[in-house]
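Worth saying up front: this structure is predicted, and the values here are computed from it rather than measured.
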Number of protein chains: 2
Amino acid sequence: MSWSGHQGHAGRRGYHHGNLREALVEAALALIAEKGPAGFTIAEAARLAGVSPAAPYRHFRDAEALLAEVAQRGFELLESALAAAWHDGRPEPVAAFEALGRAYLGFARSEPAHYAAMFETRLAADAWPPLAAAADRAFGVLRGAAERLAEVLPKEQRPPALMIALHVWALSHGIATLFCRPDRGRRPLPMPPEELLEAGVLLYLQSLGLAGGTPRGHKSPP
Amino acid sequence: MSWSGHQGHAGRRGYHHGNLREALVEAALALIAEKGPAGFTIAEAARLAGVSPAAPYRHFRDAEALLAEVAQRGFELLESALAAAWHDGRPEPVAAFEALGRAYLGFARSEPAHYAAMFETRLAADAWPPLAAAADRAFGVLRGAAERLAEVLPKEQRPPALMIALHVWALSHGIATLFCRPDRGRRPLPMPPEELLEAGVLLYLQSLGLAGGTPRGHKSPP
DNA sequence: CAGCTCATGTGAGACTGTCTTACATCACGG
DNA sequence: CCGTGATGTAAGACAGTCTCACATGAGCTG
């Protein structure tokens, strides 16, 4: 017999692959991790999955659709990672907020293929509504955390939480893209990216009166 | 005659193009602006320049080399723009520093093709030394400005200027990539990107004691 | 269990792009 | 006036995208 039955383990079960869609997403991740989003091709993903070059088109309209799927899953993973780190502000909001920042960089570092699909691919937001929704949910974690942080101040002198979230997101994303790359960003840093981010966020929050510490009395490393 | 002499205006002067290298860079910029770095192809750049698909390879080893050239010119333009905005800290360092930030966003907005070639192409720094050098010079403007800013503080409580420069660069780059895109980043902002950056930098500098204003007594917009 | 039907995969192919090789043209200098 | 090197062309090998007609077989229905 040319096919081998219904065993459940990975691999083809004859003419049909069995789980080609998942296999293609995995292959795309591997290729993006290795060569960047531009180096990924449908043909090579099909080769990795062991099917003909035309097979992927049964599951994805074109290469962009596959990238969008990867990006969407990336935002869902990021949302989980951020929510776990924030942990609803426990045990202490400022510490949890710093953990959230570290989680962002950790995600960029540990999931470079997802991160690249999310931010280096020019996917039009309105062409992929589920992707945009997933991105919004991930940002929502950060926004919610900023709102909670701001609540320690009396309402009339409370800074807009959305602004805080945007500032912290931009700083985190900037550090991630500029300094958390295996290939690029080989600029020698005086400190690891996580510490750079933590210091920046802390200084920013101090200025808003949201974090303790003396705004001017920092230690100056040699 | 099939060729038309030595007139200096643009266009071919017979068999030889006359200025193909420049024409290819221009074509690349136009294509990147229209379709992103991934949409740019050597073949179409050649078509725009009016030469055969093989001609560009006389001037650039491959597509990546042409992109590297565009990116390098981008960093040189950015350096000029930043230096002009900083204006050696005149008339007043903090105001000049804010102008520098606005210039960064202005560059990202007015030169999207250059910006994309600089930051969306995964060019390996060590494969293109002149590119890396140009990037260093551009960052050097920011670093020099941060050093000058820090000098207002007594030496023992002076924060490391490199850290300041890295923070501000990351924040600027994050805002530029997330919110200054024609296509992506259609997230509705409560304020224009320039104001977002200015507010972030100001708060950050206040915390370091480098900008005036009361660190806590800000106005909170509704 | 027979047979239908549809999701899924294949093979072939048109089209486009990359990059190489051999050749053509022309500018420039002796 | 001719040689030489820089620059462009023509042709082509190779790879990738995507489509279309066709093949397969999984699962449903009777």
Side-chain angles (χ1 to χ4, degrees), chain A residues 1-8 10-25 27-28 30-32 34-70 121-123 127, chain B residues 1-8 10-28 30-32 34-69 121-123 127:
Chain A
M1 305 240 174
S2 65
W3 57 287
S4 43
H6 294 112
Q7 72 276 39
R12 310 195 48 176
R13 340 178 251 197
Y15 189 90
H16 286 305
H17 181 284
N19 203 6
L20 183 52
R21 191 182 174 92
E22 285 303 315
L24 289 171
V25 171
L31 290 172
I32 295 170
E34 186 187 357
K35 298 180 290 188
F40 148 81
T41 65
I42 287 267
E44 190 149 8
R47 214 170 296 137
L48 280 184
V51 295
S52 75
Y57 295 91
R58 294 291 178 195
H59 299 271
F60 300 97
R61 196 165 49 75
D62 52 19
E64 194 174 291
L66 179 42
L67 279 184
E69 170 82 23
V70 172
T121 50
R122 295 225 169 189
L123 294 169
Chain B
M1 306 229 173
S2 68
W3 58 286
S4 43
H6 294 111
Q7 72 276 36
R12 312 199 41 180
R13 341 177 250 196
Y15 188 91
H16 287 307
H17 180 283
N19 204 6
L20 183 52
R21 190 183 174 92
E22 285 303 314
L24 289 171
V25 171
E26 293 298 323
L31 291 173
I32 295 171
E34 186 188 355
K35 297 180 290 187
F40 147 81
T41 65
I42 288 266
E44 190 149 8
R47 215 170 293 136
L48 279 184
V51 295
S52 75
Y57 294 91
R58 293 292 179 194
H59 299 272
F60 300 96
R61 196 167 49 77
D62 53 20
E64 193 174 290
L66 178 42
L67 279 184
E69 170 82 22
T121 49
R122 296 226 168 187
L123 295 169

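Taking every heavy atom of both residues into account, B:L20 and B:A49 meet most closely at CD1-CB, 3.8 Å. Smallest separation of non-hydrogen atoms from B:R122 and A:G36: NH1-CA, 3.8 Å. Shown here for A:P37 and A:I32, the closest heavy-atom pair between the two residues is N-CG2, 3.9 Å. Closest non-hydrogen pair, B:A45 versus B:L31, comes out as N-CD1, 3.7 Å.
The separation between B:E22 atom CD and D:dT7 atom P is 13 Å, rounded to whole Å. Rounded to an integer number of Å, the gap from A:L20 CG to C:dA7 C1' is 12 Å. Here D:dG27 presents its P atom at 9 Å from NE2 of A:H16, a figure rounded to the nearest Å. The distance from atom CG of B:N19 to atom P of D:dA6 is 17 Å, rounded to the nearest whole Å. Atom C1' of nucleotide D:dG16 and atom CG of A:L48 are separated by 15 Å, given to the nearest angstrom.
Residue A:R47 is in sugar-phosphate contact alone, with no base atom involved, counting any heavy-atom pair closer than 4.0 Å across all strands shown.
Taking only side-chain atoms of A:S52, from C-beta outward, the nucleotide of C:dT20, C:dT8, C:dT10 with the closest atom is C:dT10.
Checked against side chain to side chain contact (heavy atoms under 4.5 Å, CB included), B:E64 has the following partners two or more places apart in sequence or in another chain: B:D62, B:L123, B:W128. A search for side chain to side chain contact (heavy atoms under 4.5 Å, CB included) contacts involving A:A54 returns A:S52, not counting sequence neighbours. Among residues two or more places apart in sequence or in another chain, the side chain to side chain contact (heavy atoms under 4.5 Å, CB included) test is passed with B:F60 by B:R21, B:L24, B:V25, B:A65, B:L66, B:E69.
Within residues 37-44 of chain A, no residue has any heavy atom closer than 4.0 Å to DNA chain C. Contacts between residues 57-67 of chain B and DNA chain C, defined by a heavy-atom separation below 4.0 Å, involve B:Y57, B:R58, B:D62, B:A63, listed by number.
Residue pairs that meet the salt bridge (Lys or Arg N to Asp or Glu O under 4.0 Å) test with at least one member in residues 35-61 of chain B, sequence neighbours left out, are B:K35-B:E44.
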